[in-house]
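Values reported hereafter were calculated over all heavy atoms of this structure, with side chains retained and with hydrogens, waters and symmetry mates removed.
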Amino acid sequence: MFYRNMADYMVETIKLLHISDAEIKKRMHFENAWLIDDLIAAGKSIVVYFSHCGNWEWAPSVTLHASHDRVEYCQVYRPLVNKVFDKLMLEIRSRFGSLSFSKSTVLRDLLMLRRDGKLSVTGFMSDQKPSHGDPTVKTMFLNRPTAFISGTENLARRLSMTCIYWDMEKISRGHYSILCRPMSDVAADSPFGTLTLEYVRMLESTIRRNPSIWLWTHKRWKYPVTLDN
């Protein structure tokens, strides 16, 4: 079932080059999108904790469902080695008007948006294997000791951004749904890692509900992890 979903993902991602707005709205549903609108109306920029579930490349179509007043929709990405393929993927990811920020420059980019008086809704794929030297939070995940990227939480704290979780589900072939779920408001004096661990538990629930839609091939446990005592 996993490989069937992967085949769907590849075909559907290429389809983004020519799919109409009306068609993607029929196929990609957002539940509780009002949560984004309410936070924007309250003057809050948003960190979206997301993952490699379903077809994550369709998620930028949120711009067809949520507020556009004073806000930029963005996603963080890791540049690909192949420049031609990297350019193609950036074109696909900007299909619905969102901005793509490199992982290495995202803090600067978000600060520039703030300087220009703009709010932001920025998606972070925080289930990836950390790069060498990345600060991490270690915990049990799917019954295995696992290191998670903590940069998302660090950025959210530094910029006082509100966090939400996108809970993705595959409804049927070519049809997906994302439930926008609130996350805890973390106080400045709360232990670092609180948000990351909340994300891990939410992600684990998403995966256990339908294991076949998660990207199992991204070598999540390539290197062994020892939990701190």
Side-chain angles (χ1 to χ4, degrees), residues 1-39 46-68 73-78 80 85 88-98 100 121-129 141-143 146 163-183 198-221:
M1 192 64 178
F2 165 75
Y3 290 103
R4 178 176 175 176
N5 286 328
M6 275 300 297
D8 288 348
Y9 160 79
M10 290 186 283
V11 172
E12 293 162 0
T13 298
I14 296 300
K15 188 177 178 67
L16 285 174
L17 290 169
H18 55 78
I19 194 170
S20 69
D21 290 359
E23 184 67 17
I24 196 70
K25 286 186 74 173
K26 292 178 182 177
R27 293 176 173 273
M28 181 72 249
H29 302 278
F30 286 83
E31 299 181 48
N32 290 356
W34 57 263
L35 179 61
I36 296 174
D37 292 335
D38 284 359
L39 290 170
I46 302 169
V47 161
V48 177
Y49 272 93
F50 197 34
S51 66
H52 292 85
C53 286
N55 193 327
W56 54 92
E57 303 292 356
W58 283 18
S61 65
V62 67
T63 57
L64 303 177
H65 299 263
S67 173
H68 286 261
Y73 290 83
C74 321
Q75 59 260 337
V76 181
Y77 78 104
R78 294 180 179 181
L80 302 174
F85 193 56
L88 173 64
M89 292 307 297
L90 286 175
E91 180 181 351
I92 288 172
R93 288 166 180 167
S94 64
R95 166 67 180 77
F96 302 103
S98 59
S100 293
V121 179
T122 307
F124 290 79
M125 305 295 283
S126 299
D127 61 335
Q128 291 179 301
K129 177 176 65 65
F141 172 65
L142 299 175
N143 300 320
T146 307
C163 296
I164 65 174
Y165 174 68
W166 274 359
D167 191 349
M168 193 164 200
E169 180 66 279
K170 185 171 186 175
I171 306 303
S172 60
R173 297 192 79 178
H175 292 268
Y176 299 89
S177 176
I178 286 179
L179 174 63
C180 302
R181 297 176 56 189
M183 295 180 70
E198 183 175 2
Y199 165 68
V200 171
R201 301 308 160 222
M202 288 178 155
L203 172 62
E204 189 167 36
S205 176
T206 300
I207 296 170
R208 289 188 181 280
R209 187 176 64 231
N210 186 355
S212 67
I213 68 170
W214 192 50
L215 185 62
W216 292 94
T217 56
H218 64 169
K219 300 181 179 179
R220 194 64 186 79
W221 295 282

Phe50 and ring-ring contact (aromatic ring centres under 6.0 Å, His included): which single residue from Trp166, Phe124, Tyr77 fits?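 Exactly one option meets the ring-ring contact (aromatic ring centres under 6.0 Å, His included) with Phe50, and it is Trp166.
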What are the two closest heavy atoms between [X] and [Y], and how far apart are they?
X: Pro182; Y: Ile164; answer: CA-CG2, 4.4 Å
X: Glu12; Y: Arg173; answer: OE2-C, 4.5 Å
X: Cys180; Y: Ile36; answer: SG-CD1, 4.3 Å
X: Thr206; Y: Met168; answer: CG2-O, 3.6 Å
X: Ala66; Y: Tyr73; answer: CB-OH, 3.2 Å

Are the side chains of [X] and [Y] in touch, meaning some heavy atoms are under 4.5 Å apart?
X: Leu16; Y: Ile19; result: yes
X: Val76; Y: Thr122; result: yes
X: Met125; Y: Arg78; result: no
X: Pro211; Y: Phe2; result: no
X: Ile24; Y: Phe96; result: yes
X: Leu39; Y: Val121; result: no
X: Tyr165; Y: Leu203; result: yes
X: Arg181; Y: Leu35; result: no

Ignoring hydrogens and geometry beyond distance, is a side-chain donor-acceptor pair present between Ser100 and Gln75 at under 3.5 Å?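 Checked: Ser100/Gln75 side chains pair up, N/O donor to acceptor below 3.5 Å.
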Between Trp214 and Ser51, do the side chains contain an N or O donor and an N or O acceptor separated by less than 3.5 Å?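 Distance-only check fails for Trp214 and Ser51.
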Step by step, work out the side-chain contact (heavy atoms from CB on, under 4.5 Å) result for Leu142 and Ile207. CA-CA 9 Å; Leu142 299 175; Ile207 296 170; 4.3 Å; yes
As a quick check of understanding, evaluate side-chain contact (heavy atoms from CB on, under 4.5 Å) for Leu17 and Glu91, giving each step before the final call. CA-CA 8 Å; Leu17 290 169; Glu91 180 181 351; 4.0 Å; yes
Listed by chain and number, what are the ring-ring contact (aromatic ring centres under 6.0 Å, His included) partners of [X], not counting sequence neighbours?
X: Tyr49; result: Tyr199
X: Tyr176; result: Trp58
X: His52; result: Trp56, His218

At what distance, to the nearest 0.5 angstrom, does CD1 of Ile213 lie from CG of Asn5?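 Between atom CD1 of Ile213 and atom CG of Asn5 there are 7.5 Å.
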Measure the spacing between CE of Met28 and CD1 of Ile171 and express it to the nearest 0.5 Å. 8.5 Å
Any donor and acceptor pair, going by atom type alone, linking the side chain of [X] with main-chain N or O of [Y] inside 3.5 Å?
X: Ser98; Y: Ser94; result: no
X: Arg220; Y: Asp127; result: yes
X: Arg27; Y: His175; result: no
X: Ser20; Y: Glu23; result: yes

Can you spot which of Glu31, Glu169, Lys170 makes a side-chain hydrogen bond (donor to acceptor under 3.5 Å, both in side chains) with Ser177?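 Result: among Glu31, Glu169, Lys170, Glu31 is the only option passing the side-chain hydrogen bond (donor to acceptor under 3.5 Å, both in side chains) with Ser177.
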One thing to verify: whether Glu204 and Arg201 come together as a salt bridge, which I'm taking to mean a side-chain N less than 4.0 angstrom from a carboxylate O. yes
So does Lys15 pair up with Asp8, basic N to acidic O under 4.0 Å?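 Salt bridge between Lys15 and Asp8, a charged N being under 4.0 Å from a carboxylate O: no.
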Test salt bridge (charged side-chain N to carboxylate O under 4.0 Å, His left out) applied to Glu57 - qualifying residues, sequence neighbours left out: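 For Glu57, the residues satisfying salt bridge (charged side-chain N to carboxylate O under 4.0 Å, His left out) (neighbours in sequence not counted) are Arg93.
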Please name all residues satisfying side chain to side chain donor-acceptor pair (under 3.5 Å) with Ser61, sequence neighbours left out, ordered by chain then number.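 If we apply the side chain to side chain donor-acceptor pair (under 3.5 Å) test to Ser61, skipping adjacent residues, there are no hits.
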Which residues share a side chain to side chain donor-acceptor pair (under 3.5 Å) with Asp38, sequence neighbours left out: none
